[in-house]
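Data first, discussion second: the structure below is written as structure tokens.
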2 protein chains.
Amino acid sequence: MLLTHARLALNAVVLAVTDGAPRVLTVTPDPDDLALSDPRTCCALPLGPLSDEHATLELNLRHLVFQQAGIHLGYAEQLYTFGDRLRDPRERDGAPRLVSIAYLTLGREDALAASRSGRWTNVYDLFPWEDHRDGPPPILRDHLLPHLHTWAEQDPARRDARAQRLDIAFGRRDTPWDEERVLERYELLYEACLVPERLADLRAAANPAANPIPEPLHGGVAMILDHRRILATALGRLRAKIKYRPVVFELLPERFTLLHLQRTVEALAGAPLHKQNFRRLVERGGLVEGTGELDSQTGGRPAELFVFRTEVLRERPDPGVGLPLARRRDP
Amino acid sequence: MLLTHARLALNAVVLAVTDGAPRVLTVTPDPDDLALSDPRTCCALPLGPLSDEHATLELNLRHLVFQQAGIHLGYAEQLYTFGDRLRDPRERDGAPRLVSIAYLTLGREDALAASRSGRWTNVYDLFPWEDHRDGPPPILRDHLLPHLHTWAEQDPARRDARAQRLDIAFGRRDTPWDEERVLERYELLYEACLVPERLADLRAAANPAANPIPEPLHGGVAMILDHRRILATALGRLRAKIKYRPVVFELLPERFTLLHLQRTVEALAGAPLHKQNFRRLVERGGLVEGTGELDSQTGGRPAELFVFRTEVLRERPDPGVGLPLARRRDP
DNA sequence: AGGCTTATGCTCATGATTAGCATAAGCCTG
DNA sequence: CAGGCTTATGCTAATCATGAGCATAAGCCT
């Protein structure tokens, strides 16, 4: 029952929403972890070792993020443990297996200033196909989907299975777009060689000749190892979670306008919401409480400032914000 | 980034539903893992080491369960990684930290026969307070809740916080009972010394005198280490999951009656459902499809046999069965 | 003053849920 | 074999939730 040859790491996905964009805390990769990627265009999630000093994994993680980026985390939940072999290409050369326990954590906007060595990266720079707030992004229709369809046709044996996965993940045919399926979409893009880190993995593969060399690689920001997959897992989880747990409020200042709240949810969900219905949902759901104070910085009629009603946690089992979707951005 | 002194284990929660009761696969504990518990009354979840032979954790786990119990697993998903210190009391004596990656898996009823060294244990023998199919179980009102309230009053400083946790977890006052909060309930019962394994942990504690020795321990089946906590996590997760993913069908034979389906959901949720509304929900939700064949073993009018409609996965983003709750068992 | 912006109240149609009632169609017993 | 038991299944009324949109309010700016 003893496993001696594993490297065990804690991994943090720290998310915030600033200026209407979801942002993730990234750090400069440890040269050790860079593997075969280019250090200039590559970023990494904060990570570090388990230490016996800390009684729980979560405390360990908080300490680690504070050390690396000077940030005191708010909400934190365990996300997933990534332990499959060859996540790190160096394992091919006999390096011990890497097992990463990843956490999803949220911070307030103002934590941005506190960051030391970390940087905040716009999540949609890393996942440009996930932002549907102004309708499906052009890159999806013009670039990714055509390539995905080509890829699906490529292998006659798996054609049907691939086509069906595409339908489900990207909302083709009778399936609606489901903003939660971030990981499924990432995995398809990875398999189709449309994300840059796939190139590194292929280069590191034992016999590069066996796999056709990828042609239509989508440029953009790269992340080390499987960190973009970890982030995809986190985004999908968070998009699901806001619907049934009041976690959005972890991302907002104590007092906020309803539009501020809406914009934050939209930034995470990557979808536009129907304004009036959104208000009704959060107000009637007992999630917020008016303070009577007004914010006149709105550019229009001043908006009332609200606070989160903590009591709702006692009253309802699943007090999420829900997503009253709008077809397009509300006029 | 190397952690040398951790023991890393895979842990399987294998669930099935037979004769209207949810059952979990348990094995005789490894003498090494027994720690301070009594081997006669103690059971364990299947567990084993990570092995470099297997490319993924999930394959590793499947192999392990097959070896230990002769069962080929169906559905499997990662549950949680338990890595806090002192999960194993022996760590106090310098034993390396134990990190367990737990999986939630489902099997068909008939897997029962295939089991070799494992046993199927009724989940509600381990969690008698969780079965509300015939209303709140007497043990809750007569035994656990009174003791919990006493415990809450015990510490004046934490009284309010504890009382509130009780309200939320057990559905007191204005909060409704939420069948998903299995883990929260377990943790309260653990803290209040109402589950047997707490005794073992206290005995192993460095200075037993610091903690008051527990009086009102609830007897019943014990599990090694924190395996009951792992199981609580699994049950809570599954109860949430059936509502938005069609996982119940993994527990049923290919063809089933709607009542069979309902009884299976009820067994997992621990709550009675409204029959007519349940039918409408699964039929109109497109989850099932009638075969035209009848089952005359029902004791009343023969019921139609249904099959799961796989296509639903393409059509709707969240095809769970939903829980049309009934106040009492339907007449 | 008039137009722009955002906030906020209200309505209407539609669909989903809850809670029952009622009937159907087997079996079993007297 | 009728009557009562069981379970299956169809149907409805009331209530509640959701999606879409209209209309008005109340700031600012020119």
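Sequence lines set the chain letters: A, B, ... in the order given, protein chains first and strands last, and positions in each chain run from 1.
- Contacts of B:Phe170 classified as ring-ring contact (aromatic ring centres under 6.0 Å, His included), with partners at least two apart in sequence or in another chain: none.
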Given pairs defined as Watson-Crick or G-U wobble with both distances under 3.5 Å, what dot-bracket annotation applies to DNA chain D, with ( ) intrastrand, [ ] crossing, | other strand and . unpaired? ||||||||||||||||||||||||||||||
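- Separating the CG atom in A:Leu235 from the CZ atom in A:Arg181 is a distance of 14.5 Å, to the nearest 0.5 Å.
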B/S/- along nucleotides 4-16 of chain C (protein heavy atoms under 4.0 Å) is -BBBBB-B----S
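- Cation-pi contact between A:Arg185 and A:Trp177: present, with separation from the ring centre below 6.0 Å and deviation from the ring axis of at most 45°.
- Here the closest non-hydrogen pair linking B:Arg309 and B:Val288 is CD-O, 3.6 Å.
- From A:Arg23, atom CZ reaches atom CG of A:Leu126 across 11.5 Å, with rounding to the nearest 0.5 Å.
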B:Lys241 vs B:Glu77, salt bridge (charged side-chain N to carboxylate O under 4.0 Å, His left out): CA-CA, chis, key distance, verdict: CA-CA 11 Å; B:Lys241 195 124 193 171; B:Glu77 72 169 47; 2.7 Å; yes
Carefully, step by step, assess A:Leu261 and A:Phe249 under the rule side chain to side chain contact (heavy atoms under 4.5 Å, CB included). CA-CA 8 Å; A:Leu261 173 59; A:Phe249 301 101; 4.0 Å; yes
